[in-house]
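The sequence lines fix the lettering, A, B, ..., with proteins before strands; numbering per chain opens at 1. Keep in mind that the numbers below use all heavy atoms, side chains included, and drop hydrogens, waters and symmetry copies.
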2 protein chains.
Amino acid sequence: MARERRPTLDTVAREVGVSRATVSNAYNRPDQLSASLRERIITTAAALGYAGPDPVARSLATRSGGAVAFMLGSRLSAAFSDPALSIVLDSLSDTLDAERSLLLMPGVDGGPRRESVTRAHADVAVAYSLPDDSAALAEVRKRGLPLVVIDQPVVSGSAMVDVADRAGAALAASHVVALGHREVGVLAFALHPDDRSGPASEARIGSSRFRITRERMAGYLSVLDAPPVWETPGSLREGGREGAHWLLRQVPRPTALLCMSDELALGALRAAHDLGLRVPDDLSVVGFDDTPAAHWADPPLTTIHQDLAAKGRIAAELAISLLDGARPGPARTLPTTLVERASTAAR
Amino acid sequence: MARERRPTLDTVAREVGVSRATVSNAYNRPDQLSASLRERIITTAAALGYAGPDPVARSLATRSGGAVAFMLGSRLSAAFSDPALSIVLDSLSDTLDAERSLLLMPGVDGGPRRESVTRAHADVAVAYSLPDDSAALAEVRKRGLPLVVIDQPVVSGSAMVDVADRAGAALAASHVVALGHREVGVLAFALHPDDRSGPASEARIGSSRFRITRERMAGYLSVLDAPPVWETPGSLREGGREGAHWLLRQVPRPTALLCMSDELALGALRAAHDLGLRVPDDLSVVGFDDTPAAHWADPPLTTIHQDLAAKGRIAAELAISLLDGARPGPARTLPTTLVERASTAAR
DNA sequence: TTGTAGGCGTTATCAG
DNA sequence: CTGATAACGCCTACAA
C-alpha cells in the first residue's frame with residue numbers, strides 16, 4: 001500500500017508560485033514577508049495537506065532540536081514506582097525549554113542499551129543513577145553528546161548534580177545511635193545491577209557499582225560497625241518489607257532500621273506491623289529522601305531530607321547550559337538534613 | 001568557543017580513500033564489503049573521532065527511525081503516581097522494537113502542547129486518556145502521524161485499545177447493591193481538565209470530556225440512582241481520602257463507596273480509618289484496576305480487574321503495525337472482571 | 001566489492 | 001520583502 005508522497009515545502013512553494021525560502025519564512029519568520037502573502041501560503045498549505053516543516057529535516061538543517069535523553073538504570077516499572085525519581089523527572093521536564101521533549105530510555109541491565117543511545121535523536125543526555133561502567137555512558141561519550149549526570153560519579157567532561165548522600169546517611173546513623181540504639185540493621189538498594197536480593201556480603205558491599213548505594217552505605221558505616229545489611233533491587237515497598245522481615249529475625253534483633261529510601265522504610269513499617277512490633281516503641285525506622293509519603297506514613301517517618309525537585313531543576317538547567325555551549329562546572333551538591341518525625345525514639 | 005566541526009561520513013571516506021557509500025555500508029551492511037576494508041574503515045573512523053552515522057540525518061534519508069510519542073493528559077508527577085499508567089507504559093516500552101525509543105510528552109492542560117507535537121521526532125503517536133478535544137490530537141492528525149489511542153474515543157483513522165469500563169463499573173455497582181447496600185457514594189476521576197476537586201454536579205457529570213470517567217460513571221449510574229459524587233483530578237490517594245471524608249459526611253451516610261481507581265479506594269480506606277470506621281463492617285469499598293497495591297491493601301481490596309500489561313502490549317503492537325503500513329482495525333476491547341476480596345461485605 | 005549520482009526536506013546566506 | 005544557491009549528513013539504486 002504505497003503511501004502517497006506527502007507534500008513538502010517545495011510543493012507548496014510551487015503551488016503558490018513563490019520560492020521554498022519564502023514558504024519556509026512563512027513558518028519560521030512571519031515578519032520577513034507580507035501578512036497577505038503569508039496568509040496565502042498557509043491557506044494553500046492547508047489545502048494541500050501540508051503539515052508544516054518536517055521536524056527531522058529541520059533538525060538536520062539546524063543541527064539541533066532533538067530531545068533530551070533521560071537514561072535510566074532500570075525498567076520503567078521500577079522507575080515509576082520510585083517516587084523520588086518521579087519528582088526529579090517531573091521538575092526536570094517542567095524546567096526544560098518548551099520546545100525540548102523528553103526521550104525516556106529505560107535500562108535493561110543497569111542502563112539503556114548501547115544501540116538505543118546510538119540512534120537516539122537527542123542533543124544532550126541526562127544519566128540518572130546508572131552503574132559506573134554503563135555501556136550507555138560510553139556511547140554517549142563516543143557520540144560526543146553533552147552529558148549531565150545525577151547521583152553518579154563524574155564522567156569526565158560532564159556536568160553533575162548530586163546530594164550529600166554520605167553525610168545524610170551518617171546523620172541517620174548518628175541519630176539512632178544517639179537515641180541509644182546499639183543493634184542497627186540496614187536496608188540497602190542494589191549493590192550491583194544483577195537483580196539480586198538478600199543479605200549482602202562485605203565483598204559485595206565493598207565493590208558496589210552504584211555510587212548512591214556506595215555513598216549512603218559509607219555514611220552508615222562511618223558510624224556503625226558491621227551492621228547486618230539486606231540488599232534489594234529497586235526501591236520497592238515490598239522489597240523493604242521482605243528485607244525488614246529478615247533483619248528482624250537476626251539475633252540480637254535490631255532495635256533500629258536504617259533504610260536507603262522512604263519506600264523501603266515504608267516496607268519496614270509494614271513488616272513491623274506484620275510482626276506485631278510497635279514503631280517507634282519496639283523499633284525505630286529511618287528513611288531517606290523525604291518524599292511526600294514520609295509525611296503521611298503511620299507513624300510519620302523520620303527521614304533524611306533532600307530537595308528532589310531542585311535536583312531535577314538543576315539537572316535541566318545544566319543540560320540547557322551545556323546546549324548553549326557552556327562548559328561543565330564543578331559538581332552541584334545539594335545538602336541533606338535530618339527530619340525527625342515519629343518513627344524513631346530512644347530505646 | 002567554536003565547537004570544531006565534527007567528522008562526517010565524508011571525512012572518513014576521504015581519509016580511508018573510499019567513497020561515502022562504502023563507509024555507509026561499513027556501518028549498515030557489513031556483508032557488502034570485505035571484512036578487512038570494513039575493519040580499516042571502523043578503525044580510522046574511531047581515530048578520527050567519528051561516532052557513526054548521525055541519527056537525524058539517517059532518519060531524514062530513511063524517513064523513519066524516530067521514536068514513538070506517548071502523549072499524557074497530565075504532568076509527569078501525576079502520571080508517575082498512577083500505578084495503572086506505570087504498568088501500561090512499562091509493558092508498552094517493553095514491547096516496542098529495540099530500536100524505537102519512547103518520547104514522553106507530558107500534558108499541561110489536558111494534553112501535550114500543540115507545539116511540542118509539531119516538533120516531535122516521532123513517527124507514531126500513542127494517546128493515553130486525553131480529553132476528547134485535545135489540541136495535541138488535532139496536531140497529530142494534521143501531521144498525519146499514525147495514532148493509537150488508549151482509553152479514549154476513536155479518533156477517525158486511529159487504532160484503539162480500551163477496556164470494558166462501563167461493564168466493569170456496572171459490575172462494581174451491582175456487587176454492592178447485591179450485598180444490600182442502598183446508600184452508595186462515588187469517588188470519580190476528573191470530569192474536565194480543569195483541576196477541580198469537589199462534589200460533582202449533574203451538569204458536570206453529563207458533559208465530561210474524559211471518556212474513561214464518562215464510561216465508568218455510566219456503568220455506576222446504570223445501577224445506581226443519583227449517588228453523591230466527588231470528583232478529584234488525577235488518581236491520587238490523598239485525593240481519594242479527601243473525597244471519602246466528604247462522602248462520609250453526607251446524610252444518610254453511604255455504606256459503600258465505589259472508586260474509579262485502586263489508588264482512590266486506598267485513600268477511601270485511609271479516610272475510613274481516620275473516622276474510626278471499620279472496613280468492611282461499617283463501610284464497603286470497591287476499587288478499579290486491580291493494581292498490585294489492591295492485593296496488599298489492608299483489608300485487601302475488592303476491585304474491578306483489567307489487564308493493564310496487556311493494554312500496554314497491545315498498544316505497542318498496534319503502533320508497530322501502523323508503522324508497517326497496516327490500517328487500523330476495529331477497537332480492541334479488553335474485558336473487566338470483579339475480584340472479590342475483603343473490603344466489601346453484606347450490610 | 002566499490003563508486004557515482006541523486007535524493008531526503010529544511011534552513012541560511014546573500015543578492016536583488 | 002523575495003528568491004537563488006549552497007549546505008546539513010546520510011541512504012540507495014544502479015552502474016562499474
Side-chain angles (χ1 to χ4, degrees), chain A residues 3-42 45 48-66 99 118-123 143-145, chain B residues 3-42 45 48-66 99 118-123 143-145:
Chain A
R3 203 177 289 190
E4 78 246 44
R5 188 163 246 34
R6 307 212 56 188
T8 75
L9 257 197
D10 219 47
T11 321
V12 179
R14 210 141 32 202
E15 182 74 19
V16 180
V18 297
S19 79
R20 265 163 22 203
T22 303
V23 180
S24 173
N25 281 336
Y27 284 95
N28 303 305
R29 311 184 179 176
D31 50 312
Q32 294 293 294
L33 68 179
S34 67
S36 67
L37 176 53
R38 180 176 134 83
E39 167 82 9
R40 199 149 57 89
I41 291 178
I42 300 291
L48 257 38
Y50 177 68
D54 177 279
V56 175
R58 159 183 285 171
S59 282
L60 177 59
T62 60
R63 287 193 275 320
S64 88
E99 36 255 60
T118 306
R119 345 181 65 117
H121 290 199
D123 33 38
R143 272 190 56 181
L145 280 182
Chain B
R3 202 177 291 190
E4 77 246 45
R5 186 166 247 31
R6 308 213 55 184
T8 75
L9 256 197
D10 218 48
T11 322
V12 179
R14 210 142 33 204
E15 181 75 19
V16 181
V18 298
S19 81
R20 267 169 12 206
T22 303
V23 179
S24 172
N25 283 335
Y27 284 94
N28 303 307
R29 313 183 178 178
D31 50 313
Q32 296 291 297
L33 69 178
S34 68
S36 67
L37 176 54
R38 178 175 136 85
E39 166 83 8
R40 198 148 58 90
I41 291 177
I42 300 292
L48 256 40
Y50 177 69
D54 178 280
V56 174
R58 158 183 282 168
S59 283
L60 178 58
T62 60
R63 289 197 268 333
S64 88
E99 35 256 61
T118 307
R119 346 181 65 118
H121 290 201
D123 31 40
R143 271 190 56 181
L145 280 182

Q | Residue A:Thr62, side-chain heavy atoms: nucleotide from C:dG9, D:dC11, C:dT11 that is nearest | A | C:dT11
Below 4.5 Å, heavy atoms only, C-beta onward: do [X] and [Y] meet side chain to side chain?
X: A:Leu33; Y: A:Val18; value: no
X: A:Arg58; Y: A:Asn28; value: yes
X: A:Leu37; Y: A:Arg40; value: yes
X: B:Thr22; Y: B:Val16; value: no

What is the distance, rounded to the nearest whole Å, between atom [atom1] of [X] and atom [atom2] of [N]?
X: A:Arg143; N: D:dG9; atom1: CZ; atom2: P; result: 13 Å
X: B:Arg119; N: C:dG9; atom1: CZ; atom2: P; result: 19 Å
X: A:Arg40; N: D:dT2; atom1: CZ; atom2: C1'; result: 12 Å
X: B:Arg58; N: D:dC11; atom1: CZ; atom2: P; result: 5 Å
X: B:Leu9; N: C:dA5; atom1: CG; atom2: P; result: 17 Å
X: A:Asp10; N: C:dT11; atom1: CG; atom2: C1'; result: 14 Å
X: A:Arg63; N: C:dG9; atom1: CZ; atom2: C1'; result: 15 Å
X: A:His121; N: D:dG9; atom1: NE2; atom2: C1'; result: 12 Å

Q. Mapping B:Leu60 and A:Tyr27 onto DNA chain C by nearest heavy atom, which one lands closer to the 5' end?
A. B:Leu60
Q. Nearest nucleotide by nearest heavy atom, which residue falls closer to the 5' end of DNA chain D, A:Ala35 or B:Tyr50?
A. A:Ala35
Answer yes or no: is there a donor N or O on one side and an acceptor on the other, between the side chain of [X] and the main chain of [Y], under 3.5 Å?
X: A:Arg6; Y: A:Ala51; result: no
X: B:Arg119; Y: A:Pro55; result: no
X: B:Arg20; Y: B:Ala13; result: no

Q. With a 4.0 Å cut-off on heavy atoms, is B:Arg38 in touch with a base, just the backbone sugar-phosphate, or nothing at all?
A.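 It contacts nothing in the nucleic acid.
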Q) How would you label the contact of A:Gly52 with the nucleic acid (heavy atoms, under 4.0 Å): base, sugar-phosphate, or nothing? A)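 Sugar-phosphate contact only - A:Gly52 comes under 4.0 Å of backbone atoms but never of a base.
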Q) Any side-chain N or O of A:Arg29 under 4.0 Å from OP1/OP2 of D:dC1? A)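 Looking at the OP1 and OP2 atoms of D:dC1, neither is under 4.0 Å from any side-chain N or O of A:Arg29.
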Q) OP1, OP2 of C:dT10 versus side-chain N and O of A:Asn28: anything below 4.0 Å? A) no
Q.
For the OG atom of B:Ser24 and the CG atom of B:Asp10, what is their distance to the nearest 0.5 Å?
A. 12.0 Å
**Q.** A:Gln32 CD: over 12 foreign heavy atoms closer than 6.0 Å
**A.**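 Counting neighbours around CD of A:Gln32, more than 12 heavy atoms of other residues, nucleotides or ligands fall under 6.0 Å, so yes.
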All N/O pairs under 3.5 Å across the protein-nucleotides 2-4 of chain C interface:
| unit_1 | atom_1 | unit_2 | atom_2 | d |
| --- | --- | --- | --- | --- |
| C:dT2 | OP2 | B:Ser34 | N | 3.4 |
| C:dG3 | OP2 | B:Ser19 | N | 3.0 |
| C:dG3 | OP2 | B:Thr22 | OG1 | 2.9 |

Check nucleotides 14-16 of chain C for protein N or O atoms closer than 3.5 Å to its own N or O atoms and list the pairs.
none

Q: In sequence, state the C-alpha distance, the side-chain angles, and the governing distance for B:His121 and A:Ser59, and then conclude on side-chain hydrogen bond (donor to acceptor under 3.5 Å, both in side chains).
A: CA-CA 9 Å; B:His121 290 201; A:Ser59 282; 2.8 Å; yes
